[in-house]
Amino acid sequence: MEIVLFITMVTVIALTAQRLQKRRMYRYRESSFGKEKGTDNWRQEEESISCYHRTELSAEGIDDITWNDLELDRIYNDMNITQSNCGAEYLYALLRKPATEEKLLSERHQMSEKIKEDRDLCLNLQRVFFRLGKVYGASAYEMLLHCTTALHIPALFHVGIFLFTLIAIIALFINPWVGGCLCVLALFVSLYTYYKAVLRIPDSGRWYLKNFSKMLKAADKIVKINSPELKPYLYELQEILKCFRGVRLQSVFLASGTGIVSDAYELVLDYICILTHADVLATGSITTKVRKHFSKARRLFEILGFLDAMTAVANYKLLLPFYSVPEFVKEETKDLKGFIVEELYHPNVLEPVPNSITATNGIVLTGSNASGKSTFLKAVALNGILAQTIYLSTSRRYQGYFCKVYTSMTLRDSIENRDSYFLAEIKSLKRILEASKKERVLCCIDEVFRGTNTPERIAASTEILESLGDGNTICLAATHDIELARLLEGTYDNYYFMEQVLEGEITFDYKLLKGISYTGNALKLLKAYGYPEDIVERAGRRLLGYQASGEWE
């Protein structure tokens, strides 16, 4: 009696503590929504988070060079406040694969806007996905794939073992001696066949199936949320729940997790399963259903992932100073051959300076070091991607075309591939040239061929940028070579950033200006950072001599 009371008391305390923890989490989410960025270091989870993208979508989308150039892992990390593995994986796949249909983008925009504005809907969805949970180091989509690969289990055989055990127990009341012998035999047979079957089923297999059951439970909770915005998904979720009817009940016999309550529950469950083989039968039944209806199981993953991801996008929108809905032009017009952005800024820059530009041709950017060229290029390319993934632009206005976005900006030597910096540049630019022959492209290039000597750099850069300036490609290129900007006049428009020197200090206003910058600040920066004056003076005289004669002394 004392043992029963002790177990009951421990169970009540554990359940109460668990409920209080959930309430604290709900209150925290309610107060922090729209105020905090994601805090997970996704690089530690890259293998699992990218599973859905690699399995289903990797043939298309943003390539690794562009992703790394634009630090999209940081954008993803800031955006990722998802509560479930489904949401984290779906958000990653969404950012890696731009859409080409405005209808799909509009759906994403409307859902994220509704979640942003409707506090009740936002909190209800967050509670659902908090209960679904996030397991670090695991992929929800990979678990779903594993749900189809468990070994085939002969259900009739195990049902027969259970019936034999049941008959032995009944016989015990009719004839104790005969019933006792049958019970001993039934227990031996049940134990032997049970553990033989269990050894064939990986422990992880049960965990995968249990997770699928939790996804079904989350779907059931979403169906009960009273919101008109969810109606387009309710019919699909109801059909999925009908298709997998009984799975949640069967999953009761699978491993339940960790903790005091779970341990006590599993202790009792082990004895039940040994006698009934319920977990073996449940494993076989659920696996068969998922394998047979995998398209519906995948759709369940996608709907849950979409709703959780849109909650994260809604939170990200609240963090931005301002944003706009992109306008996509389907056909080229006289008024617009490239794109228009007004008050564009980079979302990762503190106190950003917005700039506006209308690109009817390619653009060559000149200007001093640290004046803002690279940041502006990244902002343009990043907005090209955000516009085609979450239907958002960090600007007052964005008008352009559906296009592939490529960059060649922060390349480095590769010891593993034995590539020098220049070889890395060659390969990077070649992929852009090849893509520009097949589809509409927006590309941003920082310092074309900086890995080689000046004469060859200017010669090769001119021809490559000339080639990219033709057809349906809009190219933005930053350079320190004034000669290159002059050679490309007519094909490209010239813009520049500049510095100001006030009382011996160099400052930047990061304002984009029309034309070519004929000044440099390398020597000024050397002086500002305390280099010996004689070095700076001699370098200045050498530069003046070159500018006067065209030759280095």
Side-chain angles (χ1 to χ4, degrees), residues 22 25-26 29 51-52 55-56 81-91 93-94 107-108 110-112 114-115 118 120-135 138-148 206-257 282-283 285-314:
K22 283 184 179 180
M25 182 57 69
Y26 293 156
R29 286 295 170 193
C51 178
Y52 175 61
T55 306
E56 297 292 333
I81 64 154
T82 56
Q83 299 292 294
S84 68
N85 294 85
C86 297
E89 291 173 60
Y90 193 91
L91 179 63
L94 183 148
E107 178 187 0
R108 296 171 185 174
Q110 289 173 10
M111 179 53 69
S112 62
K114 183 61 179 178
I115 293 172
D118 189 334
D120 290 337
L121 174 61
C122 175
L123 291 174
N124 284 331
L125 287 174
Q126 284 194 303
R127 287 174 181 176
V128 169
F129 292 116
F130 175 74
R131 288 169 184 159
L132 177 57
K134 185 180 286 186
V135 181
S139 161
Y141 193 71
E142 187 176 29
M143 286 190 276
L144 201 60
L145 293 172
H146 281 305
C147 286
T148 66
R206 298 186 184 192
W207 185 56
Y208 298 146
L209 296 172
K210 190 73 175 181
N211 188 74
F212 177 63
S213 173
K214 290 178 69 177
M215 290 168 65
L216 292 171
K217 185 177 180 181
D220 185 53
K221 295 289 185 184
I222 290 172
V223 167
K224 294 174 182 176
I225 296 175
N226 184 22
S227 173
E229 299 299 320
L230 295 178
K231 282 186 178 179
Y233 313 100
L234 297 188
Y235 176 76
E236 275 192 276
L237 290 176
Q238 287 167 347
E239 289 298 308
I240 290 168
L241 290 170
K242 285 179 184 177
C243 182
F244 294 106
R245 185 183 287 117
V247 167
R248 289 173 59 193
L249 180 61
Q250 291 172 324
S251 70
V252 169
F253 297 102
L254 304 178
S256 61
T283 299
S285 176
I286 298 172
T287 299
T288 301
K289 284 185 178 180
V290 175
R291 187 185 295 123
K292 184 179 179 181
H293 303 287
F294 184 75
S295 61
K296 288 189 178 294
R298 180 174 58 224
R299 184 58 185 151
L300 171 64
F301 166 88
E302 290 171 347
I303 293 174
L304 294 178
F306 170 75
L307 294 175
D308 197 9
M310 290 305 101
T311 304
V313 172

Backbone N/O of K114 and side chain of D118: donor-acceptor pair under 3.5 Å: no

Donor-acceptor contact present, side-chain K289 to main-chain V247, <3.5 Å: no

Run the side-chain hydrogen bond (donor to acceptor under 3.5 Å, both in side chains) test against [X] and tell me which residues pass, sequence neighbours left out.
X: Q110; answer: S106
X: T311; answer: none
X: E239; answer: none

Nearest 0.5 angstrom please: [X] [atom1] to [Y] [atom2], how far?
X: T82; Y: Y90; atom1: OG1; atom2: OH; value: 13.5 Å
X: S213; Y: I286; atom1: OG; atom2: CD1; value: 6.5 Å
X: E142; Y: N85; atom1: CD; atom2: CG; value: 11.0 Å
X: S139; Y: N211; atom1: OG; atom2: CG; value: 9.5 Å
X: L307; Y: S112; atom1: CG; atom2: OG; value: 11.5 Å
X: M310; Y: E107; atom1: CE; atom2: CD; value: 9.0 Å

F306 vs M111, side-chain contact (heavy atoms from CB on, under 4.5 Å): CA-CA, chis, key distance, verdict: CA-CA 9 Å; F306 170 75; M111 179 53 69; 4.0 Å; yes

Parallel, tilted or perpendicular: ring planes of Y208 versus H146, cut at 30 and 60 degrees: parallel

Min side-chain heavy-atom separation H293-F244 under 4.5 Å: yes

Within-4.5 Å side-chain heavy-atom neighbours: L94 and V313: no

F301: ring pair (Phe, Tyr, Trp, His ring centres under 6.0 Å) partners, not counting sequence neighbours: Y52, Y141

Donor-acceptor pair between D308 and S84 side chains, under 3.5 angstrom: yes

Name every donor-acceptor pair, under 3.5 Å, that has one atom in a side chain of residues 214-232 and the other anywhere in the protein, sequence neighbours excluded.
unit_1	atom_1	unit_2	atom_2	d
K214	NZ	L132	O	3.2
D220	OD2	K224	NZ	3.3
D220	OD2	R248	NH1	3.3
S227	OG	E229	N	3.4

Results of side-chain contact (heavy atoms from CB on, under 4.5 Å) for E236 - residues two or more places apart only: R299, I303

Which atom of Q126 lies closest to which atom of I81, heavy atoms considered: NE2-CD1, 4.3 Å

